[in-house]
Amino acid sequence: MLFPTKILSFATMILFCGLIYYSFTAAKKGKEMPKIRRIPALEAIDEAIGRATELGAPVHFSPGRGGLVDEESGQMLASFQFLSYIARQTAKYKTQLITTICDAMVFPVAQEVVRQAYIAEGAPERFTPETVRFLSNDQMAYCTAVLGIFQREKPAANFMIGAWYAETMLIAEGAAVIGAMQVGGTARLFQLPYLVVSCDYCLLGEEVFAGGAYLGKDPVQLGSLAGQDLCKLICCGIIVVGVVTRLLGWTYFHDIIGKLGK
Amino acid sequence: MSARFGIYLAGIVTIALYSYLIGDNKMFKFAEHLYVGSAAGHAITMGYINIRDLGWTPLVTKGQVMLLIPILLGLCLYSRFTTKYVWVSRYAIAVTIGIGTGVGLRGMPSAQILSQLQASMVIKNANDFLAILGTLGVILYFLFIHAQNSVTKGFGRIGRWVMMITFGVGFGTSTFSMVARGTGAVTAILRMFGMVK
Amino acid sequence: MRREVPSIILAFVGLLMIAETFLNIPAVASLSRDVKNWGIIIGGFALALGSANLARFHIVRIARKNKEWYNSVALLACMAAFALAGVTIGPKAASYAFYYNNFLAPMNTTLQGMTVFFVGSAAYRAFTVRNAEAAILLLTAVIVILSSIPLGEQLWSRIPAISKWIQDVPNLSGQRGIIITSAVGSMAIGLRVLLGLERSHFGGE
Amino acid sequence: MNQFMEKLQNTDRRILFALIFLAMAYPMVKPFTLPMSITQEVKSLYDFIEKLGPNDVVLMAPDYSPAYAPTVGGACEAIYVHLMRRGAKVVFASFSPEGPMMAENVIASGTPAGKKYGVDYVNMGYRAGGEGAVAAALQDFPGVFPKDFQGTAIKDLPAVQNLKSAKDISLGVLFSTGGYAGGGWVRQLVQPYGKPFAAVVTGMMGPAHVPYYQAKQLVGLVVDMKGGAEYETLVKRPSGSLAGMGAQTLAQMLIVLYMVVANVTYLTLKKERTRTR
């Protein structure tokens, strides 16, 4: 029933998911967690919102062009955690939030995230059609519209966290022009360099997925993060074992991944 | 609709959008609204065609009744225009996110973990050894909770430097294609003035 | 009912996608193909929903006689024209293709081409050697750029070789590390979503 | 000095943008040669064509689409111009649908005064079928291409009257951006007929073609815009590829210069600040 060439991939998925599951059920039961290490970019989120509040200027958030049905969807889901947090903070400080959306399917989700965050902060009336805007599903038309918003509404903080594509540089520099403080983050390898260069703070790769745990201090998320750490340590172990066995002239370990890990 | 008219149309919209580089202005704003509007119209066309070809036509001509499900789910999205029934739209969202989550989960082990681990095991010379150290460094940099000690932190430091090199390379290699795209747009302007063929 | 049922649907669809990849069962494969098609159909409705919201946004602007409301009129006119043409004559018709190729497509090219200008201003603004890491980033970028143009070689004959080493050794190992760790993070969030422990996409806890 | 540095640091963005625009536009309006080393693969094709004369027939296959014109189109034009100068007869025969249009563009911009269609050069149009069509055309050229692109019969085209099969050609040049590529021509032209063959390919395909060159199955290999620029330099006729490379060179040099200036101002001002403190 199981595809023979995929046995190892399947096993990896089960093992990793199992470890993560074990870790967060343990955390939920109240097992004490060691502290999470500092991630400066995440602390900068509050700073940026604070700055915008002081200046009486809006905050801009975008999850990038990514969609919900492809392999990058994980980053979009992670991005909603940030959106939720940022929406709550802005509701608390009565700062205007502008969320711009490029993917049509992301739009209703983002609306829901922001609306619920406002309700949770007891400010549902702050939710207007201006809060979450679908600009265009055409990547470059979206960029043009965002650049227009930057020039006309002058946000003082710009958050670009999610699955970013070729629109990265245009939007990041567009925000730099108006002097907005920027926090970026993506796990998309090709766009990371631009965010690193252009933003004041940038979440690198997996840090995007750690945001929820860091900001929410929720035991499930912290536990999940601990499980992810175990998975990464296993990866390191596999590399070391693979290298050592190869040095000893035994390539079986290396080859079996190619055969069964499709 | 001659080719000449096409060249002028392309040149004019290019100049109008490039005027943003000088500063926000009326010409850019106008072009921006034309662009966003046209793109939205085009999106409606594409959405209509998707619904028609994949949903409606097979439903009515081939009697594939199952296709009523996505059509109803799609209509559920419009509950967002009400305040009371917003939650109905969650059914459609659930299907979409379900697809994405499943596709993401199933693809990661082979494409992003095992194949990369396998590639990291090849050791033939000193360069390969350095590469392996770099990969380990980057992985250990991303430890958030467990094993926070001086060894992993030292590796993590190396990992950060390696990532900076990766980003530098990413920035450097992509400038070539960016300039290439830039020359494409510059050509549209020069062509309008007859300065290039 | 309002959160639980969607959560169950989500988990079912997600598991179906996973089963399609790993299990050799024709029925699963065909159902999962159908469900992916559903995603595209729902996406079609979402596109129209997005456009409808955009239209509402601009109709309000016109009604309120906002500053430069005429731009909103232009936007709505273009939207209506493209949509009407697309639905009646179809995107393959000559006139639709003409406006697509000479109007929409060049605007896309223009914006993509604009990136190089922004790379230039970022180079001037953000590439300062504030610390050791920034210095590494800058130095690598400069070497790689120089190696791709004839001048680099003239400057120092070993630049192409150095650039190739950087790309093949540290760059590749950095990419591998980022790819592996991101995959782990992505799997973790996927698992939490499947189990219904992560519901920010349904609006909160 | 510091005032100057501060001014420099706060240079108006628009000046930075304008310089980049000029750096890209100037080489396109006025292409120029660049100081670059010529790779052996390109030089050997040039040397080979230098030895050709009026009795030689060269078969060129422009198998690329408009999107790839900046990548391999410049080389196509430069090689065509070189062959015209040598007096060789050029036969364009394409195996990809957009090829004949690409050939027309090259003919329009590259044909020197005094050369005549049908006598010195000819565009035979396109035949579907990939490598199979190539094999057939090399075996029986008039059978596969009985008429040219415009529909003129072969008997009215002196350039191809004596071209019966691969035996009658002196050189084959393929311009390819994918598909069966150079390997197919090595199989169909070099191995069975022992005829010289050169390939012009994209940067992505370049490495895969190097072994053929090393095995002397290719008399020359031109890779991407850079190879085209080298060929344009050799024939001393700056055009598309050098324009593209010129734009690349100037724009990227400018970006590097921006980084350098930014850091000079940054470090000078930082030093100044620490001193006054």
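Source: prediction; values computed, not measured. Atoms considered below: every heavy atom in the structure, side chains included; atoms not considered: hydrogens, waters and symmetry mates. Chain letters run A, B, ... following the sequence lines, proteins first, then strands; residues in each count from 1.
At a threshold of 4.5 Å between non-hydrogen side-chain atoms, the residues A:Met140 and C:Met107 do not count as touching. Taking the side chain as every heavy atom from C-beta outward, C:Arg125 and A:Ser198 approach each other to under 4.5 Å. Residues C:Glu198 and A:Leu77 have side chains not in contact (no heavy-atom distance under 4.5 Å, counting atoms from C-beta outward). Between A:Glu112 and C:Phe202, every side-chain heavy-atom pair lies at or beyond the 4.5 Å cut-off.
When all heavy atoms of C:Arg192 and A:Phe24 are compared, the closest pair comes out as CG-CE2, 4.0 Å. Minimum heavy-atom separation, A:Glu173 to C:Ser121: OE1-OG, 2.9 Å.
With a 4.5 Å cut-off on non-hydrogen atoms, A:Tyr21 touches chain C through its backbone and its side chain both. For A:Asp138, the part lying under 4.5 angstrom from a heavy atom of chain C is the side chain only. Looking at C:Leu195, the atoms closer than 4.5 Å to chain A (heavy atoms on both sides) all sit in the side chain, from C-beta outward. Using a 4.5 Å cut-off between heavy atoms, A:Met76 makes no contact with chain C at all. The contact between A:Val197 and chain C is made by backbone and side chain atoms together, counting heavy-atom distances below 4.5 Å. Proximity to chain C is absent for every atom of A:Ala120, based on heavy atoms less than 4.5 angstrom apart. Within the 4.5 angstrom heavy-atom criterion, atoms from both the backbone and the side chain of C:Thr21 approach chain A. Heavy atoms closer than 4.5 Å to chain A are found in both the backbone and the side chain of C:Leu47. Heavy atoms closer than 4.5 Å to chain A are found in both the backbone and the side chain of C:Leu23. Interface residue A:Phe107: only side-chain heavy atoms are found under 4.5 Å from chain C. Within the 4.5 angstrom heavy-atom criterion, only side-chain atoms of A:Leu147, from C-beta onward, approach chain C. In this structure, chain C has a heavy atom under 4.5 Å from the side chain of A:Gln111, while its backbone stays farther away. Looking at A:Ser9, both its backbone and its side chain come within 4.5 Å of chain C, counting heavy atoms on both sides. For A:Leu170, the parts sitting under 4.5 Å from any heavy atom of chain C are the backbone and the side chain alike. For chain C, the nearby part of A:Val196 is the side chain; its heavy atoms alone come within less than 4.5 Å. At a 4.5 Å heavy-atom cutoff, the contact between C:Ile179 and chain A is made by side-chain atoms alone. Only the side chain of A:Cys235 comes within contact range of chain C, with heavy atoms under 4.5 Å apart.
In C:Tyr96, the OH atom is crowded: over 12 heavy atoms of neighbouring residues, nucleotides or ligands sit closer than 6.0 Å. No more than 12 heavy atoms of other residues, nucleotides or ligands sit less than 6.0 Å from atom OH of A:Tyr22. Around atom CZ of C:Phe12, no more than 12 heavy atoms belonging to other residues, nucleotides or ligands sit under 6.0 Å away.
Atom OG of residue C:Ser200 and atom CZ of residue A:Phe82 lie 10.5 Å apart, to the nearest 0.5 angstrom. Here CD of A:Gln81 is found 10.0 Å from NE2 of C:His201. Values are rounded to the nearest 0.5 Å. Distance CG/A:Leu189 to CD/C:Gln175: 4.5 Å, rounded to 0.5 Å. Between atom CD1 of residue A:Ile14 and atom CD1 of residue C:Ile18 there is a gap of 8.0 Å, rounded to the nearest 0.5 Å. Taking CZ from A:Phe209 and CD1 from C:Ile189, the interatomic distance works out to 6.5 Å, rounded to the nearest 0.5 Å. Atom CG of A:Leu68 and atom CD1 of C:Ile42 lie 11.5 Å apart (nearest 0.5 Å).
Comparing A:Asn137, A:Asp103, A:Val69 by how many heavy-atom pairs each has under 4.5 Å with chain C, the most go to A:Asn137. The residue among A:Gln75, A:Arg133, A:Arg115 with the most heavy atom pairs within less than 4.5 Å of chain C is A:Arg133. With respect to chain A, the highest number of heavy-atom pairs below 4.5 Å among C:Ala134, C:Ala46, C:Gly43, C:Ala183 belongs to C:Ala46. With chain C as partner, the option from A:Phe80, A:Tyr194, A:Phe10 having the largest number of non-hydrogen pairs under 4.5 angstrom is A:Phe10. When each of C:Asn108, C:Ile178, C:Ile40 is checked for heavy-atom pairs under 4.5 Å with chain A, C:Asn108 comes out on top.
A:Glu206 and C:Ser182 are not linked by any side-chain donor-acceptor pair at a separation below 3.5 angstrom, with hydrogens and angles left out of the test.
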Trace of the side-chain contact (heavy atoms from CB on, under 4.5 Å) decision for A:Met1 with C:Phe22: CA-CA 8 Å; A:Met1 207 159 88; C:Phe22 294 109; over 6 Å; no
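Between the A:Lys232 side chain and the C:Val184 main chain, no donor and acceptor come within less than 3.5 Å of each other.
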